[in-house]
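Presented below is the structure to which this report refers.
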Amino acid sequence: MELSKNYIPNEVERSWYEHWLSKGYFSSKPDAREAYTVVIPPPNVTGVLHMGHCLNNTIQDILVRRARMHGKNACWVPGTDHASIATEAKVVGMLRERGITKSSLSRDEFLKYAWEWKDKYGGIILQQLKKLGCSLDWDRTSFTMDDDYYKAVIDIFIRLHKEGIIYRGLRMVNWDPVGKTALSDEEVIFKDIDSKLYYVSYPLTDGSGSITVATTRPETILGDVAICVNPTDQRYANLVGKEVMVPIINRKIPVIADEYVDAAFGTGALKITPAHDKNDNELGRKHNLKALNTLDAEGKFTAEELGDDHPSAQVLSYNGIDRFVLRKKIVEDISALNLVQKVEEYKGQVGTSERTGAVIESRLSLQWFMDMKKFIGQHPAIVESVATDKIKFHPAKLKNTYSYWMDNIKDWCISRQLWWGQQIPAWYDTEGNCVVAATKEEAFEKFKIQNATRKIEEIHQDEDCLDTWFSSWLWPMEVFKGISNPNNEEYNYYYPTTTLVTGQDIIFFWVARMIMAGYAFKDKQPFSDVYFTGMVRDKQGRKMSKQLGNSPDLLGLIDTYGADATRFGIMIASPAGNDILFDESALEQGRNFNNKLWNALKLIKMWEARQSSDLNPESENQTHHSPLTTHHSRLTTHDFAVNWFENRLNEAKTEVNGLMNQFRLSEALKTIYSLIWDDFCSWYLEWIKPGFEQPIDSSVYQKTLVYFEELMELLHPFMPFITEEIYHLLKDNSDDLCIKQAAAVGSFDRDVLNAGELLKQVISALRDARNKNQIKPKDPIRLAIQTGSVAAYKAIENILLKQVNAESIAYTDATIANSIVVAVEKDKFFIETEKQLDTTTLKAELLKDLEHQQKFLEAVTKKLSNERFVQNARPEVVDLEKKKQADAEARIKTIQESLHNLA
RNA sequence: GGGAGCAUAGCUCAGCUGGUUUAGAGCAUCUGCCUUACAAGCAGAGGGUCCGCGGUUCGAACCCGUGUGCUCCCACCA
């Protein structure tokens with residue numbers, strides 16, 4: 001079969017993925033093997049694949065594929081998250097484009113549209129994962145709003161409510177005026193902003209002057225209920241207890257004192273607006289002040305609650321004005337009253353919604369909460385398991401982040417004013433009494449106990465739904481029906497899961513809460529290792545964003561470079577927990593690597609028909625005695641190469657195992673890359689390569705096939721497609737690499753490896769000398785070796801001849817005049833050539849080297865003459881220094897001889 | 001405001017228990033090569049105040065202190 005010049009990935013990738021699927025390699029069933037379970041962090045059902053997913057899922061696939069090849073029953077569960085806020089926003093947007101407003105629809109009508117939308121677009125991201133080569137068990141695809149899953153979430157809510165962990169209360173919450181819903185603290189992102197500090201005066205009602213406050217939020221002035229100063233602040237001591245007038249609305253409010261106020265900030269006087277600020281709200285409650293709300297759910301002005309104060313036409317004219325427009329308007333109107341003293345630039349922070357980006361309002365509302373202190377208190381393992389590494393975090397530094405958050409945890413607001421999600425199983429009667437129950441009928445039964453005359457039509461369910469994360473935290477359990485069908489066979493086999501791979505940005509949202517759920521509902525850790533990825537940034541270190549247009553089109557990249565190259569590119573520079581700077585040149589490197597593998601395949605395939613089996617018996621005879629003739633040494637040359645590579649391969653496999661166990665994936669890939677490119681292609685294949693149209697020893701060829709296969713096996717988890725392709729092109733293998741079981745790693749001999757390293761060193765040194773002396777690659781040289789171990793060089797003569805383009809090799813006891821001298825360790829090499837040598841340059845080089853060596857010798861000698869060093873350092877360290885000294889001395893001698901030789 | 005982390009070649013990063021380090025790799029750069037697997041390649045080279053300062057030690061990129069610069073997390077002082 002003719003192999004193409006370069007490797008062309010697209011068709012190969014498509015057909016192997018189909019083949020793997022058709023063979024059912026990714027689907028897992030419980031059996032006698034140990035399970036290796038990974039649940040995908042479910043992407044938003046609205047999502048499309050981006051670089052973050054690419055990194056995250058490539059890592060999971062590497063772990064899963066490797067486990068599958070190492071005797072584990074690997075199960076990787078796919079699925080999507082209903083992502084209530086994001087999805088509801090998308091559906092609302094889609095409806096708006098069609099001229100439909102959400103408010104014109106009933107809940108059922110809206111949900112019908114949402115499900116239609118989900119069914120149409122919800123699977124896209126999963127299809128894209130197939131392109132990346134992800135070996136997910138598609139039969140297990142789950143969704144956080146599947147029927148059983150939905151029931152499990154409701155069940156957990158009811159359970160926690162019964163235990164008194166979940167409660168309903170009127171609290172200050174983070175309100176997203178765009179999403180029109182409450183948010184948990186974790187969903188609020190604080191951003192630095194340039195704002196202004198307005199100094200506004202409130203006239204005293206007794207006409208004795210005014211008090212000036214500094215505020216960043218003048219639009220809330222109409223909701224002010226007091227002015228507060230620090231009780232120790234002498235400036236205001238005589239004003240406490242008096243009254244001031246709120247500008248515009250002319251409401252009388254008291255001047256009060258509280259230690260909360262910082263006298264050093266602004267004017268030392270603070271306006272209290274309990275309806276719009278968490279701290280003000282607390283102060284308000286402490287001092288029995290009313291909370292006057294002036295903003296509606298959308299963040300627009302409403303005078304509704306100001307009714308008792310007989311709002312003027314001016315106040316009423318603000319109705320429906322957006323908070324930011326209102327801010328300017330109120331400042332203008334107060335300025336017109338000459339009550340704005342000054343305006344300062346101010347750098348402050350505002351909370352924004354993680355999902356919609358809207359500036360958060362603090363808003364008093366009735367919501368459902370989870371009492372986290374109580375909850376965690378009941379399950380100490382939630383905190384301990386991470387501290388004691390029962391659940392291992394990679395990188396470990398995130399353990400601190402986790403424990404700090406746990407120690408300072410606050411109640412979790414779990415209700416959302418949305419329709420897309422699990423509807424809260426709380427029911428109300430006409431008097432506003434509330435019971436929690438799974439169904440209307442159950443709720444009705446409960447109400448009847450309180451009031452026998454209650455009719456079922458009089459009760460209605462809570463309109464709100466639950467925070468998405470209140471369903472996601474059950475993911476590792478419920479994908480195996482662990483909640484909805486407890487102790488089923490699959491759950492018992494696959495749970496706890498093995499490794500979780502996710503972004504460190506969701507450590508609190510998701511990871512921490514899965515750990516809570518794991519211990520609270522099943523008394524087990526949900527996973528044993530968590531690999532946290534950083535954020536994918538562009539090569540200048542900027543976050544990927546739509547505005548910057550710097551997020552690459554992943555599918556386009558896969559089309560251009562292939563999935564293997566894309567996986568290579570994202571993995572080669574991504575240590576656990578660090579952000580990765582995405583650079584397309586890494587994908588090029590991956591593509592080039594594909595090509596290198598392809599060409600190695602082509603080379604080896606050329607030999608297939610050129611094996612010479614007649615050399616085999618002779619070869620076996622030669623193994624154990626010293627070779628004397630050139631003919632024989634060719635055979636032992638191969639023995640040397642084969643033996644060296646086998647040892648090197650085992651060494652590298654050992655390294656890779658170690659790195660993988662530590663989750664150092666990027667380094668494992670680098671090790672494999674260098675093993676293949678440098679050791680296998682650049683050295684080994686060159687060493688065994690027969691001359692033009694010459695035969696290759698059959699046993700060497702067979703060994704080479706085995707090595708290449710093993711290299712593909714090692715690389716497969718990282719680059720599954722090309723390795724599978726080569727595995728089949730190399731030999732007529734009837735099995736597939738995808739499920740091939742890795743052979744045990746053999747041992748390796750340090751001496752054999754060192755011999756190989758020495759040979760490489762000699763070859764490089766001689767090539768360097770050729771280069772420096774401008775000997776053209778085609779010009780042959782004659783090589784003479786002065787060494788104490790002639791036999792060792794005899795064994796590798798043929799490699800040496802070929803690798804440095806020498807026409808002959810001789811052994812000598814003495815220096816050879818008019819030659820270039822190269823020293824490697826204790827051996828000297830003399831290069832003789834027809835070319836006229838540039839003695840001036842050569843001398844200069846040697847002198848430079850000599851100086852360097854002498855300095856080094858000086859340093860080592862000084863160290864060795866330090867008695868305290870010799871006394872205190874470990875003996876092997878001292879021996880090493882002695883060896884360095886001897887080597888330096890020998891080298892200096894060689895250089896001096898060479899200089900002499902040139903003269 | 002509190003906490004964590006980072007700083008090593010032009011760039012991205014290794015360097016694990018202080019001594020096999022005269023500090024490595026990949027990319028980029030430079031030189032020479034179209035050598036029958038591969039120019040998306042081959043062969044080779046150059047490139048470092050290990051952030052500054054101080055300390056501990058026979059010995060420091062590594063440990064300690066301090067300064068500087070960056071990054072992240074937590075925390076709603078209007």
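Proteins come first, then strands; the chains are lettered A, B, ... in the order of their sequence lines, and each starts at number 1. Given the structure is predicted, the values throughout are model-derived calculations rather than measurements. Atoms considered below: every heavy atom in the structure, side chains included; atoms not considered: hydrogens, waters and symmetry mates.
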Would you mind telling me which residue lines up with the more 5' stretch of RNA chain B, Gln662(A) or Ile775(A), judged by nearest nucleotide? Gln662(A)
Between [options], spot the one nearest the side chain of [X], thanks.
X	options	result
Arg664(A)	rC16(B), rA78(B), rU22(B)	rC16(B)
His852(A)	rC58(B), rU22(B), rA78(B)	rU22(B)
Asn279(A)	rC77(B), rA78(B), rC27(B)	rC77(B)
Pro777(A)	rG32(B), rG26(B), rC77(B)	rG32(B)

Would you call the rings of Phe568(A) and Phe593(A) parallel, tilted or perpendicular, taking 30° and 60° as the class edges? tilted
Describe, in one word, how the ring planes of Phe708(A) and Phe680(A) are oriented to each other, choosing from parallel (under 30°), tilted (30 to 60°) and perpendicular (over 60°). tilted
Taking the [atom1] atom of each, how far is [N] from [M], in whole Å?
N	M	atom1	result
rA9(B)	rC27(B)	C1'	12 Å
rU35(B)	rC51(B)	C1'	47 Å
rG48(B)	rG24(B)	C1'	12 Å
rU49(B)	rG65(B)	P	27 Å
rC6(B)	rG46(B)	C1'	29 Å
rA61(B)	rU36(B)	P	47 Å
rU17(B)	rU57(B)	C1'	16 Å
rC62(B)	rU56(B)	P	15 Å

Have a look at [X] and say if it touches a base, only the backbone sugar-phosphate, or nothing, with a 4.0 Å heavy-atom cut-off.
X	value
Gln349(A)	base
Lys278(A)	base
Lys884(A)	sugar-phosphate
Phe508(A)	sugar-phosphate
Asn866(A)	sugar-phosphate
Gln853(A)	base
Lys776(A)	sugar-phosphate
Val188(A)	nothing
Leu581(A)	sugar-phosphate
Tyr404(A)	sugar-phosphate

Verify the distance criterion only: is there a donor paired with an acceptor across the side chains of [X] and [Y] at less than 3.5 Å?
X	Y	value
Tyr260(A)	Asn279(A)	yes
Asn230(A)	Asp262(A)	no
Tyr684(A)	Thr704(A)	yes
Tyr202(A)	Asp224(A)	yes
Lys271(A)	Thr273(A)	yes
Thr212(A)	Ser201(A)	yes
Gln341(A)	Tyr198(A)	no

Look at the side-chain N and O atoms of Lys410(A) and state whether any lies under 4.0 Å from the OP1 or OP2 oxygen of rA75(B). yes
Measuring to OP1 and OP2 of rA78(B), would you say a side-chain N or O of Tyr346(A) lies under 4.0 angstrom away? yes
In whole angstrom, give the distance that lies between atom [atom1] of [X] and atom [atom2] of [N].
X	N	atom1	atom2	result
Phe190(A)	rC74(B)	CZ	C1'	11 Å
Met660(A)	rC16(B)	CE	C1'	18 Å
Glu851(A)	rU22(B)	CD	P	18 Å
Leu880(A)	rG59(B)	CG	P	18 Å
Lys543(A)	rU71(B)	NZ	C1'	11 Å
Lys670(A)	rG15(B)	NZ	C1'	11 Å
Glu655(A)	rG15(B)	CD	P	14 Å
Ile409(A)	rA75(B)	CD1	P	11 Å

Residue matched to [N] through Watson-Crick or wobble contacts both under 3.5 angstrom:
N	result
rA61(B)	none
rG41(B)	rC33(B)
rU17(B)	none
rA7(B)	rU68(B)

Is Phe869(A) stacked against the base of rC58(B), taking the criterion as centroid distance under 5.5 angstrom and interplanar angle under 30°? no
Given Glu219(A), which of His276(A), Arg327(A), Arg323(A) fulfils the side-chain hydrogen bond (donor to acceptor under 3.5 Å, both in side chains) condition? Arg327(A)
Go along nucleotides 37-44 of chain B 5' to 3' and tag each nucleotide: B for a protein heavy atom under 4.0 Å from its base, S when only backbone or sugar atoms are that close, - otherwise. BBSBSSBS
Would you say that more than 12 heavy atoms from the other residues, nucleotides or ligands in this model lie under 6.0 Å from the CD of Glu259(A), or not? no
